[in-house]
Amino acid sequence: MDLKLYDTLTREKRPFTPLDPSRVRMYVCGPTVYDFAHIGNARPVIVFDVLFRLLRHVYGAEHVTYVRNITDVDDKINARAAEEYPNLPLNEAIRTVTEKTEKQFHEDVDALGCLRPTVEPRATEHIGEMKVLIERLVATGHAYVAEDHVLFSVPSMADYGRLSNRSLDEMEAGARVEIAPYKKDSKDFVLWKPSKPGEPAWPSPSGIAAPGRPGWHIECSAMSWKHLGEVFDIHGGGIDLVFPHHENEIAQSRCSFHTPVMANYWMHNGFLQVEGEKMSKSLGNFFTIRELLADWPGEVLRFNMLKTHYRQPIDWTLKGVAESFDTLVTLTSDPTFISGKETTIAPPVLEALSDDLNTPKAIAELHALQNKGDVVALSSTLRALGFSRRPQSPRQVDEQKVVALLDARNAARKGKNFKEADRIRDELTAMGVLLHDTKDGTTWEIGR
RNA sequence: GGCCACGUGGCGGAGUGGUUACGCAACGGUCUGCAAAACCGUGUACCCCGGUUCAAUUCCGGGCGUGGCCUCCA
């Protein structure tokens, strides 16, 4: 079985060969913890969870290290903390916000059937590593100090821009943002900046007296280095991170370690739209994972996400989610799914996933297993892919009332009063309850 | 303006230089008091215009459309 992955850097799909098969290493950019994660945030979490599971299957669970960071130092966090907890000292307010949000994030992605990564490092716990990298970059002329900032010198790196396919000239022409006066070059970016009073602050590197805090990109270079090494196998994230975030990570890491690459495979998931439009709060089509979980089981949201190949744009629609619900109910209808325990990926599904994570094809293969009647392989594969429960609507109904109505209906049926029986069924339907009359009696379930 | 994706049947979505993917929905049937579920059956689509070819949805060129990045947004 050959695993093939598409690499954004080389723009080709090619066989995956880990640097060290006994320790396959993957880094994925995680959340900035200041608010509930939205459904767009869920996409990379789910996509790379599938990849994590696939790698564990192929190389053995103990041979895969998956690092997903938690960004807990950021302007948006500061703003949120000051807004929500105006009476607390800022640093305390920040900690409250980040801890609360991290907990919410974990609850949400757990519900989506995602395994926890091997390591979830926090930015604030890696300030030391960041400073080491910054000092190195300054020492080798790849960075410089200016007005208490440390800036990365983009022209110092000859092949900057390869990931996003931009030449240095192009970026010069396209520069239309106001340029900070202390930058030597418009493309230079911040590695370290001074903190305003009250903001999180650490002793600065490179002889800067004023306390400061890290820029956005350096944390990922520091944390991937600490937990995975100077060069590792896979680096993932949303396609919007290609520029500038990943481009700058590459610059920082490669210039620190003098390596030809930072990661051997760069993987990026496509963007998500909602009902054909860009998701935005002003359009009213902005959904958090938490909101969707109130209406839908997590596994349905997960399935819906995987119906589309990860590099394709996905149009998230209510109709699509409803369809996913029905499809997943059918796939999980066999009793072996409920009772079984095995988790292994059936060969045809494995083959589909091995082709750059072709999840739509994999789902087609699940249907093929079902049509063949191979329910054991089907159930075991579903579990291996993170589908552990049969979907059930999270909506609640008054069970006593349902039973009472059910009894009334059956009494009516017995007396051949079918008009009344149908009326009661309509009433139950309106409550969201579906009936199944069988020769052994009537069963019911909550519809979607 | 620059760079980059994508455009397949009612919908979702694989794939392929020539042979019905698959799923959902729909329709017909069996079953049922009627339904639901289940089972059986029914659907030949690939944005437009050129080119290459015996043959293109699949390759090449152009156009149109949608979206993304170029603004610390997954």
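So that the names make sense, note that chain A is the first sequence line, chain B the second, and so on, each numbered from 1.
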Write down the distance separating the [atom1] atoms in [N] and [M], rounded off to the nearest Å.
N	M	atom1	value
B:G9	B:G2	C1'	37 Å
B:C47	B:C11	P	13 Å
B:G50	B:U44	C1'	26 Å
B:G17	B:U53	C1'	9 Å
B:G15	B:C70	P	29 Å

Q: May I ask you to check if A:R53 and A:Y66 form a cation-pi contact, with NZ or CZ under 6.0 angstrom from the six-membered ring centre and within 45° of the axis?
A: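 Because its charged atom misses either the 6.0 Å distance or the 45° angle limit, A:R53 does not stack over A:Y66.
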
Q.
Please identify which of these residues, A:D75, A:D72, A:D74, meets the salt bridge (Lys or Arg N to Asp or Glu O under 4.0 Å) condition with A:R213.
A.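 Testing A:R213 for a salt bridge (Lys or Arg N to Asp or Glu O under 4.0 Å) against A:D75, A:D72, A:D74 leaves exactly one candidate, A:D75.
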
Q. Does A:F271 stack onto the base of B:A74, taking stacking as ring centres under 5.5 Å apart and planes under 30° apart?
A.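 Stacked: ring centres under 5.5 Å, planes under 30°.
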
Q. Which one, B:A14, B:G23, B:C11, comes nearest to the side chain of A:K319?
A.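 Closest nucleotide to the A:K319 side chain: B:C11.
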
Q. Counting side-chain heavy atoms from C-beta on, which of B:A74, B:A35, B:G12 comes nearest to A:L272?
A.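 My answer, after comparing the listed nucleotides, is B:A74.
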
Q: Return the 5'-most residue of the pair A:H367, A:T438 with respect to RNA chain B, ranking by each residue's nearest nucleotide.
A: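 The residue closer to the strand's 5' end, by nearest nucleotide, is A:H367.
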
Q.
My understanding is that a pair needs two contacts under 3.5 Å, Watson-Crick or G-U wobble. By that rule, which nucleotide pairs with B:G28?
A.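 The answer is B:C40, by the H-bond criterion.
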
**Q.** Watson-Crick or G-U wobble mate for B:U52, both contacts under 3.5 Å
**A.**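 Paired with B:U52, as far as the under-3.5 Å criterion goes, is no nucleotide at all.
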
Q: Over 60° means perpendicular and under 30° means parallel, so classify the ring planes of A:F152 and A:F189, tilted if in between.
A: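 The rings of A:F189 and A:F152 lie parallel, inter-plane angle below 30°.
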
